[in-house]
Trainee: 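Quick one: the structure is below, and I'll ask about it shortly.
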Amino acid sequence: MRRTTAFPFLVLPDSLVRTGGWMIGERGSPLAPVADILEGWDYQCDLELNVEIEVDFQGAADALEIPSEELRLEAVLKVGTGSGTMPRRIEILDRVVLNSGRAEAKLEATLDSSNLSGRLLIECGIVLGKPAGNAGGISPRWQASRLWSERRDVLIEDGGASRFPIESVSFKRSFPGAPFVAAPWYIDWQPGMWRLDFGGSVRLYVNSDFPGVGERVVEGDPLTLQAILADVMRQMISLAVTSADCDEMLEDLGEGSVGHQVRNWMDLAFPGQSASSIASLAEHRPGRFSAAILSAAEVSMDP
Amino acid sequence: MTRLRLFSEPFAKTGNIAGEGFRRLLGRPSLGLLQTVIRESLQNTLDATEGKLGPSVVLRLRSLNSEELGSLRSCVLPELPPASASVAALEESLGRNGLRVLEICDFGTSGLGGPVSADSPLVDGEAPDFVNFIRNVGAARDTPHGGGTYGYGKTSLYAMSRCSTIVVDSVTRHMERPSRRFIACHLGDAFDSSGGIGESKRFTGRHWWGVTDGVDGVDPLEGSEAGCLAESLGMVRRSEEELGTSVMIVDPALTSEDPQQSINELIETLLWNFWPRMTRSTPLDRRLTVRLELEGEEIQVPDPEEYPPLDLFSEALDDLRSGSGDTTEVQCLRPRTHLGRIAIRKGVCGVRDPSCIRESSVVPDQCSHIALVRPVELVVKYVEGEPFADSRFEWAGVFRCSDESDVEEAFASAEPPAHDDWIPDNLPKGHPKTWVRVALRKIHELAKDFAMPVGERATHGEVGPPLARAAAKLGRILDRASGAGPGRSPGGRGGGSTGKTGGPRLSKPVFERLESGGNGETLAFFRVNLSNAVDGRQKILVAEPHLVADGGTTTTSGLSPDYQPVVRGMRMPGHDVAADGGVLRVTDVDGEVEIAVSIPPEAAVGLRVWIDSDRAA
Amino acid sequence: MVALLSRLSPVGVQVVLSEASEEPLSVARIPQDLLNRGEHLSFASSGGTVNRESAFRIAASLRNIASQYGFPSESDTQQRGAFDRDASIALAQMEELLSGEALRDDVWACLTTVMAPDVVAWRFPSPSPERFHGGVRNAFQRLWVRGVTLDRGEGNERRWELLGCLKEDAMVQIFERPAIAANAPLARAIAEAWLLVKGRFSKGLRELIFRTAIKMIRLRNEIVDLSALEEDGLQCEVLRVFGNAEEWVEKEL
């Protein structure tokens with residue numbers, strides 16, 4: 001990186017510091033290299049993070065004009081979270097002293113995801129661990145002088161709006177006495193609220209009492225997801241097309257709204273057909289109507 | 001003690017396969033010799049298994065003591081073949097002090113049954129095992145879903161011996177009676193020699209030591225004499241009920257002189273190739289039990305479950321066997337055919353057994369392999385995939401092809417003689433070829449992709465299962481449906497326009513170095529690049545330093561003058577252009593501009609440089 | 001299990017505000033009118049339990065505190081200051097806000113715009129839109145941040161003393177600077193140092209000295225990672241800067 005800012009003391013050039021690792025993932029699972037987006041994160045998915053850092057220690061001593069036997073550096077791992085230009089909250093999660101006998105370190109942290117939000121700003125930095133007695137005139141002279149750093153910004157949540165909200169609950173506990181208490185899933189939505197944000201008004205409840213369904217949804221089993229998606233589509237399309245003013249009703253609805261989504265699904269399942277002809281199909285050939293929706297709901301295994 | 005007679009096989013008028021061609025039949029197996037020997041021998045053992053209990057195998061590596069060596073020299077191989085190369089090899093081996101032998105002994109198999117001569121007719125239902133193993137070359141063994149063929153197995157045995165010699169002791173049943181057979185065999189090159197009555201004759205290079213058949217060859221030594229001779233060599237004792245075969249490889253060419261190394265190699269080879277038949281969940285009638293002896297001491301063979309990464313392979317195989325685990329179907333779409341299933345397990349990299357901590361070990365440090373098996377569950381080979389980027393974890397998978405006979409047959413036929421690969425090109429054009437090709441492609445794809453997904457989700461007891469991925473997946477489908485859904489920008493920064501038009505331009509100032517100035521000052525040197533400025537007009541470059549806070553610019557307002565950064569000079573190296581302060585006049589020059597800034601002791605400083613057109617005008 | 005709170009998109013804030021400009025925001029029109037047509041409302045798609053009651057509970061609690069200081073009648077500066085302090089304390093301890101949800105702007109946008117616009121309008125008699133949008137100036141978000149940052153911890157006898165010792169201007173100096181606000185130990189060290197030294201300064205100079213010191217700290221933090229200092233070292237450093245700032249301000253005058 002070409003620096004644009006001058007510090008009042010000598011710092012470390014990039015060539016003397018090597019970082020590796022930058023691995024992140026769910027705790028207890030294989031970590032993967034840090035990327036721009038961490039897929040599949042939510043508040044329940046605690047994270048593990050590590051970065052390896054290695055300093056050419058003699059080179060650092062020369063660059064900072066501090067005798068290598070007196071030089072104490074500290075490698076610091078900081079993680080910030082919360083949206084904004086700067087993260088809302090930054091904490092030091094690991095720090096390791098580096099000296100002539102130990103010029104490399106693996107910085108590690110476990111992150112409690114319930115306290116994370118939106119993004120992670122991961123910074124690996126080197127600061128002066130201890131002022132040296134025999135330092136040069138422009139050597140760093142304060143403890144924690146910033147000497148070098150590298151950052152990665154990771155999006156951990158796409159805002160929820162483009163996602164299909166899912167929750168796993170026990171139907172016996174959450175909906176006691178409801179006639180659907182033994183159903184594998186239940187889609188909660190309010191008819192007629194076509195203007196509502198899809199992510200805010202449609203919610204899929206997966207029955208944790210129902211053996212196997214939760215697992216299949218978590219694993220992304222294509223057939224299960226297809227059946228669920230088709231269920232949502234069928235419910236919404238059926239209701240929409242039976243309204244006399246369906247076409248007008250679904251006009252002028254912004255992206256992300258339920259109505260916009262339903263309109264798209266209608267185009268996907270019944271390309272080129274009017275609402276009334278779809279309604280007619282639903283009435284006279286309900287089997288074909290359903291199958292067309294099931295077919296449109298095919299869940300691709302590809303990301 | 002009976003002394004065996006040598007018989008060297010002459011060429012028949014109709015021709016035989018000569019010894020060297022015989023040896024060449026093995027081709028070029030992609031495995032090491034020891035691996036080939038073990039694989040081939042044990043495959044044959046598994047094919048020959050009879051009864052409710054699975055086969056057991058004893059592998060012994062030992063040195064012959066002086067009595068045993070004496071018996072080998074004087075009773076088993078009393079006469080050496082009349083071929084100089086063979087004589088030299090045998091003499092060298094038999095002359096070795098502490099001559100070593102490697103024995104592969106199986107129990108619970110049928111032994112080498114059938115007639116002892118190749119030209120004897122077969123009794124109903126009898127397999128010509130003896131003839132095939134000892135006499136015939138490359139005869140395919142017709143076992144349904146079987147793993148091996150004899151011809152290749154036996155050649156590797158000879159190749160393993162430095163003197164191309166093996167001794168075979170088998171207990172079998174022949175004509176519904178127990179039968180013990182003992183014979184020694186040597187495989188040399190074809191040679192010419194006097195046939196004993198003065199006239200020169202050509203020989204195939206195949207030699208047997210046995211008892212004369214009264215006509216023109218030798219048969220195995222049989223009965224109690226055979227048992228006595230075997231025991232005189234220290235071979236495993238067998239009663240008449242203990243059916244099976246012991247093959248003794250004389251003077252084996254092991255990769256290491258250190259017997260412990262050889263034992264390690266044996267353990268690794270055994271487990272790496274036969275673990276599917278050795279796991280605790282293998283049905284008893286299929287389970288292979290192996291005992292290992294070094295100089296008479298038993299060496300423990302670990303269970304695959306205790307031999308990472310075979311622990312993961314074993315779990316994956318269990319998933320396939322039970323049909324309850326998380327498995328992936330491998331399908332051919334045209335024609336729609338079920339080809340098999342893959343199960344993959346992942347876990348923390350287990351500590352490797354000492355036997356596979358060797359440079360030449362085939363066991364990977366971080367496993368990312370799929371084992372290919374047919375329903376017979378012998379490992380054909382491993383397909384290597386992408387390992388987890390996190391080296392603490394590994395994964396292991398098993399693909400087992402369908403047991404539907406057309407499909408199984410396709411995969412079996414795609415195997416070369418050494419059974420160590422599936423080669424679709426070995427098959428004629430048609431569905432079977434497509435099946436094998438499709439399966440291999442899908443296996444390779446899965447192997448490449450398995451480690452890619454980030455953070456597999458698991459259910460954690462009380463806490464609900466994390467559903468973010470499913471939510472994301474369904475969310476992506478919403479996006480797909482909407483066509484113009486919000487895309488994820490790769491986060492790249494937009495490059496500014498760098499057009500040549502618009503007159504002179506300056507690059508962003510870059511900090512170069514720090515120096516101690518006189519009188520305690522600290523000087524920071526910045527550099528900018530002036531371009532497109534050769535236009536005959538004078539330009540005024542203005543440099544203005546500023547303080548930096550929170551990563552951005554700030555002023556000195558409200559602060560003491562100590563905080564004020566000051567430009568001490570500007571110059572263009574290589575040109576006669578310089579100024580003392582932050583204003584530089586230039587005419588008709590392009591190039592680097594160096595700017596020295598005196599910076600305050602307790603703040604970071606940035607620099608802004610611009611061309612002041614107002615002042616120039 | 002994290003309580004998932006309702007979120008209002010920035011567009012949603014605009015829509016609600018533009019419609020509300022015709023008549024004053026009042027508690028009467030909140031529930032049905034605004035909430036039911038909440039097309040810009042959403043929840044996190046997974047990771048916790050949706051609790052539609054939570055936001056109402058938080059709003060009710062804030063309204064309750066406000067009513068102790070004159071809500072819905074007009075209020076004076078002192079009453080608003082007292083509300084700020086009490087609301088900060090209350091928000092900092094609310095269980096629903098102990099998760100990453102409280103770091104989200106859209107969650108606060110929903111609380112201010114949909115759940116308790118009447119309280120916002122009472123606290124800021126002619127509120128600018130930034131009091132409703134999520135961010136450092138959001139009417140409630142800023143109070144929550146102050147509360148959780150300046151909390152001396154459970155069991156401390158004077159747990160919330162720091163909230164009372166900083167004037168609004170000083171709060172803004174700290175909490176509207178992301179580099180300081182994000183660094184809780186630093187923010188707390190500044191407040192603690194201020195509590196120690198402010199008595200030394202004449203009232204007229206306090207604000208100037210504080211502003212100067214904050215600037216010096218921000219400059220210093222650019223080259224020295226103040227968050228990497230131990231608590232004592234950090235406190236000394238901040239006190240030293242206050243000393244320098246005092247010296248300079250007095251010399252200047």
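What you see is a predicted model; the values in this text were computed from it and never measured. Only this structure's heavy atoms are used, side chains among them; waters, hydrogens and symmetry mates stay out. Chain letters run A, B, ... following the sequence lines, proteins first, then strands; residues in each count from 1.
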Trainee: Dump the intermediate steps for salt bridge (Lys or Arg N to Asp or Glu O under 4.0 Å) on C:Glu130 and C:Arg142, then the final yes or no.
Mentor: CA-CA 11 Å; C:Glu130 61 196 10; C:Arg142 62 189 197 108; over 6 Å; no
Trainee: Can you classify the ring geometry of A:Tyr186 versus A:Phe171 as parallel (below 30°), tilted (30 to 60°) or perpendicular (above 60°)?
Mentor: perpendicular
Trainee: Go through A:Pro8, A:Gly125, A:Ser114 and name the one with the most non-hydrogen pairs under 4.5 angstrom from chain C.
Mentor: A:Ser114
Trainee: Out of C:Val50, C:Val145, C:Leu226, C:Val136, which one racks up the most heavy-atom pairs below 4.5 Å with chain A?
Mentor: C:Val50
Trainee: Considering only NZ, NE, NH1 and NH2 on the basic side and carboxylate oxygens on the acidic side, decide whether A:Arg151 and A:Glu123 come within less than 4.0 Å.
Mentor: yes
Trainee: Is A:Lys130 paired with A:Glu74 through a side-chain N to carboxylate O contact shorter than 4.0 Å?
Mentor: no
Trainee: So for A:Leu116, is it side chain, backbone, both, or neither that comes closer than 4.5 Å to the heavy atoms of chain C?
Mentor: backbone
Trainee: C:Trp108 vs C:Trp144 aromatic rings, parallel, tilted or perpendicular, using cut-offs 30° and 60°?
Mentor: tilted
Trainee: Which bit of C:Glu101 is near chain A, if near means a heavy-atom gap under 4.5 Å: side chain, backbone, both or neither?
Mentor: both
Trainee: Salt bridge check: are C:Arg188 and C:Glu231 linked by an N-O gap of less than 4.0 Å?
Mentor: no
Trainee: Please classify the contact between C:Ala228 and chain A as side chain, backbone, both or neither, with a heavy-atom cut-off of under 4.5 Å.
Mentor: both
Trainee: C:Leu98 versus chain A, heavy atoms under 4.5 Å apart: side chain, backbone, both or neither?
Mentor: backbone
Trainee: Which region of C:Thr49, side chain (C-beta onward) or backbone (N, CA, C, O), has a non-hydrogen atom less than 4.5 Å from a non-hydrogen atom of chain A, or is it both or neither?
Mentor: both
